[in-house]
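As structure tokens, the structure follows; a few thoughts come after it.
Keep in mind the model is a prediction, meaning the values are calculated, not measured.
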Amino acid sequence: QVHLVESGGGLVQAGGSVRLSCAASGRTISSYGMGWFRQTPGKEREFVASIAPSGGSTRYAEFVKGRFIISRDNAKNTVFLQMNSLKPEDTAVYYCAAGGVFSIVARTYDYWGQGTQVTVSS
């Protein structure tokens, strides 16, 4: 079992930056692809970014390319999402997930955190 806890969310002004962290426990995440997803009320959870177990490959949703950066520190069992140039439409609950591959598909992930709210004011 992998237990994931997100942190770093909050209220930020448009154009600002936030760094989310996802701390894992229970098992090392070094063999897991890791992903970040987000969800707003009434909408399905959507892919944001993912990273391969080694950290050597990443994937991003088109709407965050050039603004968000996913990274990981396997020694600290932690994954990060640096969010820059934030827009009001980035407001959502952001979830961290662990799975076998660094897929863009939510159902391929086995473990999920509880989520952290990011609110971007205009």
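- Residues Phe37 and Tyr95 place their aromatic rings such that the two centres sit no closer than 6.0 Å.
- Residues Val64 and Val105 do not share a hydrophobic cluster, clusters being chains of Ile/Leu/Val/Met/Phe/Trp/Tyr side chains in contact below 4.5 Å.
- Distance check, rounded to the nearest 0.5 Å: SG of Cys96 to CD1 of Ile70 gives 8.0 Å.
- In the hydrophobic clustering of ILVMFWY residues, with side-chain heavy atoms under 4.5 Å counting as a link, Val101 and Phe47 come out apart.
- Using modelled atom types, one side-chain atom of Glu6 and one backbone atom of Gln114 make a donor-acceptor pair closer than 3.5 Å.
- With values rounded to the nearest 0.5 angstrom, Arg107 atom CZ is found 14.5 Å from Arg45 atom CZ.
- For the atom pair Ser7 OG and Phe80 CZ, the distance stands at 9.0 Å (nearest 0.5 Å).
- Annotation: the span from Arg19 atom CZ to Gln82 atom CD amounts to 6.5 Å, rounded to 0.5 Å.
- A chain of hydrophobic side-chain contacts below 4.5 Å, direct or via other Ile, Leu, Val, Met, Phe, Trp or Tyr residues, connects Ile69 to Val120.
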Note to self: What verdict does the side chain to side chain contact (heavy atoms under 4.5 Å, CB included) test give for Gln1 and Tyr111, after you've listed the backbone C-alpha separation in whole Å, the side-chain angles of each residue and the deciding distance to 0.1 Å?
What the structure shows: CA-CA 8 Å; Gln1 282 280 41; Tyr111 305 102; 2.7 Å; yes
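- Contact record, Gly8 with Leu20: C-CD2, 3.6 Å, taken as the closest heavy-atom pair.
- Leu81 CG to Thr116 OG1: the interatomic distance, rounded to the nearest 0.5 Å, is 11.0 Å.
- Gln117 and Thr119 share a side-chain donor-acceptor pair at under 3.5 Å.
- In the hydrophobic clustering of this structure, Ile51 groups with Tyr94; members are Ile, Leu, Val, Met, Phe, Trp, Tyr whose side-chain heavy atoms approach within less than 4.5 Å, directly or through other members.
- Thr28 meets the side-chain contact (heavy atoms from CB on, under 4.5 Å) test with Ser30, Asn77; sequence neighbours excluded.
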Note to self: Applying side chain to side chain contact (heavy atoms under 4.5 Å, CB included) to Val2 and Ile29, what does each step give before you reach the verdict?
What the structure shows: CA-CA 8 Å; Val2 177; Ile29 61 170; 4.2 Å; yes
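- Under a hydrophobic-cluster definition in which Ile, Leu, Val, Met, Phe, Trp and Tyr are linked whenever side-chain heavy atoms come within less than 4.5 Å, directly or via other members, Trp112 and Met34 are assigned to different clusters.
- In this structure, Tyr32 has its ring center at least 6.0 angstrom away from the ring center of Phe102.
- Under the 3.5 Å distance criterion, the side-chain polar atoms of Arg38 are left unmatched by any main-chain donor or acceptor of Val118.
- In this model, a donor atom of one side chain and an acceptor atom of the other lie less than 3.5 Å apart for Asn84 and Ser17.
- One distance of note links OG of Ser122 with CD of Gln13; it measures 9.5 Å at 0.5 Å rounding.
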